[in-house]
Amino acid sequence: MELSAKYNPTEIEGKWYAYWMAHQLFHSEPDEREPYTIVIPPPNVTGVLHMGHMLNNTIQDVLVRRARMQGKNACWVPGTDHASIATEAKVVAKLANEGIHKADLTREQFLEYAWEWTRKHGGIILEQLKKLGASCDWDRMNFTMNEAYSRSVIRVFVDLFNKGKIYRGVRMVNWDPKALTAVSDEEVIHKEELGRLYYIRYKIKQPQNPPAPEGGTPCDYCVVATTRPETIMGDTAVAIHPHDPKNAHLRGKTVIVPLINREVPIIEDEYIDIEFGTGCLKVTPAHDANDYLLGEKHRLEVIDIFNNDGTLNEKAQIYVGQERFAVREQIVKDLEAVGLLEKVESYLHKVGFSERTDVAIEPKLSMQWFVKMGELAEPALAAVMDDEVLLYPAKFKNTYRHWMTTIKDWCISRQLWWGHRIPAWYLPDGRFVVAEDSAEALKLAKAMTKNKSLAITDLQQDNDCLDTWFSSWLWPIAVFDPDVPGSGEEVDPNIDLQYYYPTSDLVTAPEILFFWVARMLMAGYEWAGGYPFKNVYLTGIVRDHLGRKMSKQLGNSPDPIALMDQYGADGVRMGMLLTSPAGNDLPFDEALCEQGRNFCNKIWNAFRLVNGWQADDTKEQPAHSAKAGEWFKHLLRKTVIEMNDDFDKYRLSEALMKIYKLFWNDFCAWYLEIVKPPSGQAIDGTTHATARLFFDYLLRLLHPFMPFISEEIWQHLQPRQPGESLMMQPQPYADCFDEDCLAHFEMIQQAIASVRTIRQTKNIPYREPLELYVKGEADETLFPLLQKMANLSAIRPGGPDGSRNVVSFLIGTTEFFVPLGAMLNVEEERRKLLADLEYQQQFVAAVKQKLCNERFILHAPEQVVAFERKKQADGEARIKAIEEQLAALQ
RNA sequence: GGGAGCUUAGCUCAGCUGGUUUAGAGCAUCUGCCUUACAAGCAGAGGGUCAUAGGUUCGAAUCCUAUAGCUCCCACCA
């Protein structure tokens, strides 16, 4: 078989993915094995793969593949999220491009367009995941708007409502004037903005003949500082602090709102910051959350001057129909014209923006649905604080606690059509019923009104949809059993849910810790009797090399598909994993993918070498090959133990680095080079079998990280049955290794490197054999190996007698000499030895100083003192050796 | 404004309960090699006052305090 000198991933990756699928290797059914479950964080149904997904799903695939190879029944459930705001926004934009406006469509017509869009774009992202190698159980594919899933969402709403945990109320919400919907606090991004602070004069309504304040002049105005002058038409009071001396004269007065000349009272409240601006606050209860609270407290009128789209309505009296920011510009000019603008200052402040549409959020009063969070949050908080559920890295526990203890009620209604419609039906008299469907609603309505003639057409279902997270918080439950919460009448408990729940690991981004992770925990305790996952691995954010978050807007995100085409999926997977410890940001660099690709090529060529060997069973195994095999066996064991430890701590990049070095440095550069037979000769049967065995183990260790190339080579390594796959082979096991064996070998490696250095500095080609003398401790059984790798004609014990033309080096306290004859540069050698001598003398001096310190001898543990003594003795031995060598140079 | 975290080689990071020969890795760099598995390679080498200043200790990259710089999260100062 001819194998190309370059590894070509594109030919191979598609082939093996199809093979795994054809043999149902990703599919899981409950059985007697221990389950290992991951539910995918469902990407937006119409989204495309970005670098964050690449990282996230690579990590999940590594964990799932490894669990599978550990004999667990691994199940990775894929699926998508309907993402109500994001998807609806895309559909609205697409329709607008075609000249169709949402407002002109009926709900049914719009939903038809949305479904069409979903069918067209939905699942693109899943095909991309397949290219990455994701070993999801595609038979378990789910979607948050599937019929069954939707039923579950509705049932949960009804259940919470019946438990009194859902209520309807007028609240100040974050209004997105572009998407025309309320959004949750978590969907508001606060950005710092350089705005302006406008000082506006409100005329004080004076009684006839106003008395002048003591020691001052009569004051016609009170000055109010605001960043939002366009809201003054909604003002219903001006507030001062009760103990503010400079505004005390305003007490009990009324002032006139500029331009519209409405008379409003001065109120007093301790909320006011005396130091800010003039100490006077204009109160606009309809358009500011704080003002709303003030308004409630002081029973102020609420005047809502905005339309839903951010334009002003007739209640504003002026600027009606104009956009809020245009009005801000205009009103400033108009105030100035009538002399009511005192001054304008630059002012740095935070403004809330909608995460989805990036427009400034408008605080707005409206009727919305809320979930009471207090009771739901309790078990979810305890789970994390008591380590029942573990966060990786644990530092997120603090943030989590902070959020969960200051949690506010969750506004779950969205003024959207794409999503789960709120199952509330309004009666003609304004009352409402909550039910799973319209028939049930009618029954309830009849009972409520005691009106038997009530018809379904008399009921009007709520027009709003539920927040996307109100469906995705059920994800780990509903993908296994959409009948939770049940009616309580079920006879057969759901087998899948019993077997797969709770899931093992959840891999997701820290930015949705509260959106999603916390709420899944709440749902788990509320409806599934316990936590939904044991471990939460929080990934970092993928950034470009300038440290910026990768985003579409910046255009700094590489196209994942193009990357995989260029470097292979395995190469990109390795690139993603190389620098991504849990919770750390990932500074992405294509060079990392290149490194991954190069590694694939290395693996490929190692295989080409081993594959090309002709085995001769009659040939005896050379001593160096036997010793190398022994060494590598122990090194392999050590690495397996270390990798297991890394995996236990979710240190995936370190585990990968260990197998990378084991394969490249130890297996290729050392083991294969040692056992490689001279060109054209056959290899002995024992070594041939051992090398293949090692290769097999290495492929198993590599497989979770690089599934494609490992499968390809494993299939070539020996004949396999149809349907056989590396992904189902057990991981290598080890619990101990021989440390001495590794240490002895390492010393020989250093000796070999030292001889090579001598060759390079002295310009002695490798072909020219050298002699070596060894004085001191060394494992002689490794000398044949040393001889082969350093190309030595002989290795002799002791020092070379009387010869001056010798170059030497030290490893530990063992001296090595290489006679060089005329090639030796005595002066250069002396310089080197003198430098070394000085270093050793300083070293010994430092150790001695430590040992002379009585308090050190007294306080330090015996072992540490003994170790320092050995350091001194070794150092002195080395000094003696160097001095002898210097003497020999004379 | 409150909270959390970070600062170790040119870059990205390990370094766990203070001591393991005067700090490790990968990448990058430099030098020499087209040696019949691989130049996407081989061999070798160089590179760090562990952010700064104090303190605790026989002993500090590691523990404590302060300072500086960076990052993230939360929060209604108009």
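These numbers come from the heavy atoms of this one structure, side chains and all, not from hydrogens, waters or symmetry mates.
The distance between atom CZ of R692(A) and atom C1' of A37(B), rounded to the nearest whole Å, is 14 Å. Rounded to an integer number of Å, the gap from F809(A) CZ to G44(B) P is 12 Å. Summarising the geometry, the separation between NE2 on H716(A) and C1' on A37(B) is reported as 15 Å, rounded to the nearest angstrom. Per the geometry, CG belonging to N598(A) stands 15 Å off P belonging to G26(B), to the nearest Å. Taking atom CD of E868(A) as the reference point, atom C1' of U21(B) lies 8 Å away to the nearest angstrom.
In terms of the ring pair (Phe, Tyr, Trp, His ring centres under 6.0 Å) criterion, residue partners of F515(A) (sequence neighbours excluded) are, by chain and number, W469(A). For the salt bridge (charged side-chain N to carboxylate O under 4.0 Å, His left out) test, no residue two or more places apart in sequence or in another chain qualifies with D273(A). Remark: F708(A) engages W20(A) in a ring pair (Phe, Tyr, Trp, His ring centres under 6.0 Å) (not counting sequence neighbours). Residues meeting the salt bridge (charged side-chain N to carboxylate O under 4.0 Å, His left out) test with E712(A), sequence neighbours left out: K15(A). Partners of E673(A) by salt bridge (charged side-chain N to carboxylate O under 4.0 Å, His left out), not counting sequence neighbours, listed by chain and number: K676(A). Legend: residues meeting salt bridge (charged side-chain N to carboxylate O under 4.0 Å, His left out) with R878(A), ordered by chain and number and at least two apart, are absent. For I641(A), the side-chain contact (heavy atoms from CB on, under 4.5 Å) partners at least two apart in sequence or on another chain are A734(A), F737(A).
For the pair K676(A) and A37(B), the criterion of a side-chain N or O lying under 4.0 Å from OP1 or OP2 is met. Distances shown here put every side-chain N or O of R597(A) at or beyond 4.0 Å from the OP1 or OP2 atom of A40(B). OP1 or OP2 of C27(B) sits under 4.0 Å from a side-chain N or O of Y660(A). Not one side-chain nitrogen or oxygen of T406(A) sits closer than 4.0 Å to the OP1 or OP2 atom of A75(B).
Residue contacts shown for A669(A) are limited to sugar-phosphate atoms, with no base heavy atom under 4.0 Å away. Residue contacts shown for Y766(A) are absent, as no nucleic acid heavy atom lies under 4.0 Å away. Residue contacts shown for S679(A) include a base, since a base heavy atom lies under 4.0 Å away. As judged by a 4.0 angstrom heavy-atom cut-off over every strand, R401(A) is placed among residues making no nucleic acid contact. Heavy atoms of A591(A) sit nowhere under 4.0 angstrom from any nucleic acid atom. At the heavy-atom level, W664(A) lies under 4.0 Å from the strands shown only through sugar-phosphate atoms. When heavy atoms are screened at a 4.0 angstrom cut-off, N665(A) is found touching the sugar-phosphate backbone but no base atom. C668(A) comes within 4.0 angstrom of a base, heavy atoms only.
Look at E815(A) and K880(A) and you find no salt bridge, because none of the NZ, NE, NH1 or NH2 atoms lies under 4.0 Å from a carboxylate O.
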Which pairs, protein N/O on one side and nucleotides 56-64 of chain B N/O on the other, fall under 3.5 Å?
{"unit_1": "C58(B)", "atom_1": "O2'", "unit_2": "N853(A)", "atom_2": "ND2", "d": "3.0"}

For nucleotides 29-35 of chain B, tabulate all protein N/O to nucleotide N/O atom pairs closer than 3.5 Å, reporting atom names and distance.
{"unit_1": "U31(B)", "atom_1": "O2", "unit_2": "Q760(A)", "atom_2": "NE2", "d": "2.7"}

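In the region residues 282-296 of chain A, proximity to RNA chain B at under 4.0 angstrom, judged on heavy atoms, holds for N290(A).
Ring geometry, F695(A) versus F607(A): the interplanar angle exceeds 60°, so the pair is classed perpendicular (tilted spans 30 to 60°).
In this structure a side-chain-to-backbone donor-acceptor pair under 3.5 Å is present from R573(A) to F705(A).
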request  = Report the C-alpha separation of F663(A) and Y671(A) in whole Å, then their side-chain angles, then the decisive distance to 0.1 Å, and conclude whether the ring-ring contact (aromatic ring centres under 6.0 Å, His included) test is met.
outcome  = CA-CA 10 Å; F663(A) 195 95; Y671(A) 180 77; over 10 Å; no

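Taking each heavy atom of V302(A) and P285(A) in turn, the nearest pair found is CG2-CB, 3.9 Å.
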ask   = Starting at the 5' end of RNA chain B, what dot-bracket string do you get if Watson-Crick and G-U pairs under 3.5 Å are bracketed, crossing pairs use [ ], other-strand pairs use | and unpaired bases use dots?
value = (((((((..((((.....[....)))).(((((.......))))).....(((((..]....))))))))))))....

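Counting heavy-atom neighbours within 6.0 Å of K762(A) NZ, excluding the residue itself, gives a total above 12.
Checking A43(B), A37(B), A78(B) against the side-chain heavy atoms of L672(A) singles out A37(B) as nearest.
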request  = Scan nucleotides 6-11 of chain B nucleotide by nucleotide, 5' to 3', and note B when protein non-hydrogen atoms come under 4.0 Å of the base, S if they reach only the sugar-phosphate, - if neither.
outcome  = ------

